[in-house]
Amino acid sequence: MKIKSELSNIISDALKSANIESDDVVISDATKPEFGDYQFNGVMKLAKILKQNPRQIATNLVEHIDTTGMIAKVEIAGPGFINIWLNDEWLAKEATAILTDDRVGVGYVENPKKVVVDYSGPNMAKQMHVGHLRSTIIGDTLATLLEFLGEDVVRQNHIGDWGTQFGMLIAYLEEQGADGATTELKDLEQFYKDAKVRFDESPEFADKAREYVVKIQGGDKHCLTLWQSFIDASLGHCEEVYDKLGVNLTRDDVRAESFYNPKLADVIKTLKEKKLSTVSDGAECVFLDGSEVPVIVQKGDGGYLYATTDLAALEYRAKELKADRICYVVDARQGQHFKQVFTIAKQAEMVGENVALEHIGFGTMMDKGGKPFKTRDGGVIKLIDLLDEAVVKAKESIKERDAHTEDELENIATVVGIGAVKYADLSISRESNYIFSWDKMLSFEGNTSLYMQYAYARIQSILRKYDGEIKGNIIIGDETEHRLAHLLLKFEDTLSKAATDATPHTITSYLYDVVTQFMKFYELNPILKGGIDEEVKMSRLQLAKLTASVIKKGLDILGIEVVDKI
RNA sequence: GCGCUUGUGGCUCAAUUGGAUAGAGCAUCAGACUUCGGAUCUGAGGGUUAGAGGUUCGAGUCCUCUCAGGCGUACCA
């Protein structure tokens, strides 16, 4: 249900019949309940353009607004705000209509676009750590969301599998007589450290490592086999994490750095042809206007750089994958890099003019003291350890509650623990740094996954208790039901905003609103208690059921599961 | 030095992109129930939106300066 655009149409029509010239009509949510459900603030702007009194324009406009359908009434307030109230019967009818819809009233986008979402991007030389969490979760949510709305989504996992450190790693792998399947690679972090020690202590080994770098790049069979087995093992670690996180990334989504390697020479060629790059201090550089520091695309020794690979990837995504929109879910600190690369790609016509290039930046995860999140001894926190800890902590907090079997407990703890980590991350506007706190994320109170999951479980409990066929229409009986039904119908507007702005926290705060509104409704309007009219009982059961559906679907898009009992 | 970015009650975060009296949750205090799972609900106190100017009907949001933090800045990714 696209409420805003329908309202916008109604207002546009009214403007037309009132003979008022105007461009796009923007409808906002009302800032307070006294101001109704929505408001149109455009009159003040129009007044300025038309040099007329805003109250006068508003009066004229209001007379032409159709209040026979979805709108119950409109009022003029303040300097020229137009407040809009939705009609109860309309709400009831629309809410009833989506009861049996498995998309809970959410339609598909009109013109599906090809959207590439680049996220996760782990480095194969190292184990995934907390730094990869945000990219992986935000990216996956964005991809799932866009897909749900009907966009044609292509996931891209741009893994780091190319570079000098791999010479060292495969030389060490060979020396250990191991292949990727052996236990030697169980702990990548340790393996890297061991290899580094060997590299520093033995000149022969170091030479061999350097030689292997060249050999991989030259396509040497033996080295490539070693390299491949190393990458496979490392990817296996990532997949373990993806599996625990419930993230939809597969090997098909992997487009590694190495994939672009053969294309890099062409990138330089293009840049030279377009006269965008020049040689400076022996390196091939692009000087963007106003900047004295260049973007280096080829080193003095002929080697390529980060920017070069990203340019190749951009071109591939625009031309081969035919993307209309390319989203990079990468740490905000790389903002300048992407700004530069995007500019170069457009200037060099590697991507078309109308392809949207977006850096979906996010802040750093901090500890309680506001410092980057590390282990006690200052090391990086492995993602897998973090997730396991979340499950253990969740189990502790649930254990004290009702008796569960061991299996149930394990399952609930997993759903709750992983959900808490993801929700905590997604519920904060992504640009800012965020403070990681176990206590906060595992709390049942406030805007947390547990609060939503708990509300869901409670509704399920009501539905179980009723244990009969739920049928009949939703009826709006009071203000709490009006607001609840309205919120439930706002699901689509919420999702499309989250999709265009790439802001998952829009969804979490919406869900939080839904749940708190449900709690208020439920507090005032008993469902199963005695003395309730059958029709009213059915309506309330339906509202409860619909609320549960929205919670479930919403969390589902965020990659968070629910359980019937907690 | 230059560039980017952030600054919102004690704490953690919002604010529909320039709209009305800046909203939530923790924490604090005060209430509600012989619990449709109280891990709930109702209410109160707590703010010069870092500071100073400016733009206009209207600014947390836009422009300038100052202060404080973070990040980036010629051959890592």
Sugar-phosphate only, base, or nothing, as touched by A:Asp467 at under 4.0 Å among non-hydrogen atoms: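 Nothing, no nucleic acid heavy atom in range.
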Using atom [atom1] in both nucleotides, what's the gap between [N] and [M] to the nearest angstrom?
N	M	atom1	answer
B:G23	B:U16	P	13 Å
B:U64	B:A77	P	35 Å
B:G25	B:A44	P	12 Å

Per-nucleotide protein contact string for nucleotides 14-23 of chain B (B base, S sugar-phosphate only, - none; heavy atom under 4.0 Å): SSBB-BBB-S
Where protein sits on nucleotides 40-49 of chain B, one letter per nucleotide: B base, S sugar-phosphate only, - none, heavy atoms under 4.0 Å: SSS-------
For B:U42, glycosidic torsion class - syn if within 90° of 0, otherwise anti: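 Base orientation relative to the sugar is anti.
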Which residues share a salt bridge (Lys or Arg N to Asp or Glu O under 4.0 Å) with A:Lys48, sequence neighbours left out: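 Listed in chain order: nothing, the list is empty.
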Less than 3.5 Å apart, which donor and acceptor atoms pair up between the side chains of residues 510-521 of chain A and the rest of the protein, not counting sequence neighbours?
unit_1   : atom_1 : unit_2   : atom_2 : d
A:Tyr510 : OH     : A:Leu487 : O      : 2.6
A:Tyr510 : OH     : A:Phe491 : N      : 3.4
A:Thr516 : OG1    : A:Tyr512 : O      : 3.0
A:Thr516 : OG1    : A:Asp513 : O      : 3.1
A:Gln517 : NE2    : A:Thr480 : O      : 3.4

Side chain to side chain donor-acceptor pair (under 3.5 Å) partners of residues 530-540 of chain A, not counting sequence neighbours, each pair once: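 Residue pairs passing side chain to side chain donor-acceptor pair (under 3.5 Å), neighbours aside: A:Glu481-A:Arg540.
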Listed once per pair and sorted, the side chain to side chain donor-acceptor pair (under 3.5 Å) pairs that draw on residues 289-314 of chain A, sequence neighbours left out: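 Matches after skipping sequence neighbours: A:Tyr306-A:Gln334, A:Asp310-A:His337.
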Could you give the side-chain donor-acceptor pairs of residues 37-44 of chain A under 3.5 Å, partners two or more places apart or in another chain?
unit_1  : atom_1 : unit_2   : atom_2 : d
A:Asp37 : OD1    : A:His482 : NE2    : 3.3
A:Asp37 : OD2    : A:Leu86  : N      : 2.8
A:Asp37 : OD2    : A:His482 : NE2    : 3.0
A:Tyr38 : OH     : A:His486 : NE2    : 2.9
A:Gln39 : OE1    : A:Asn41  : ND2    : 3.3

Close residues, residues 160-167 of chain A, relative to RNA chain B [heavy-atom separation under 4.0 Å]: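 The answer is none.
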Proximity to RNA chain B (any heavy atom under 4.0 Å), residues of residues 363-374 of chain A only: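 Output list: empty, so none.
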Contiguous pairing runs of three or more, Watson-Crick or G-U under 3.5 Å, that involve RNA chain B: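 Only these stems qualify: B:1-7 with B:67-73, B:10-13 with B:23-26, B:28-32 with B:40-44, B:50-54 with B:62-66.
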Residues which pass side chain to side chain contact (heavy atoms under 4.5 Å, CB included) with A:Ser449, listed by chain and number, not counting sequence neighbours: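 Residues passing side chain to side chain contact (heavy atoms under 4.5 Å, CB included) with A:Ser449: A:Ala420, A:Tyr423, A:Gln453.
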With sequence neighbours excluded, residues passing side chain to side chain contact (heavy atoms under 4.5 Å, CB included) with A:Ser234: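 Checked A:Ser234 against side chain to side chain contact (heavy atoms under 4.5 Å, CB included); matches are A:Met124, A:Leu188.
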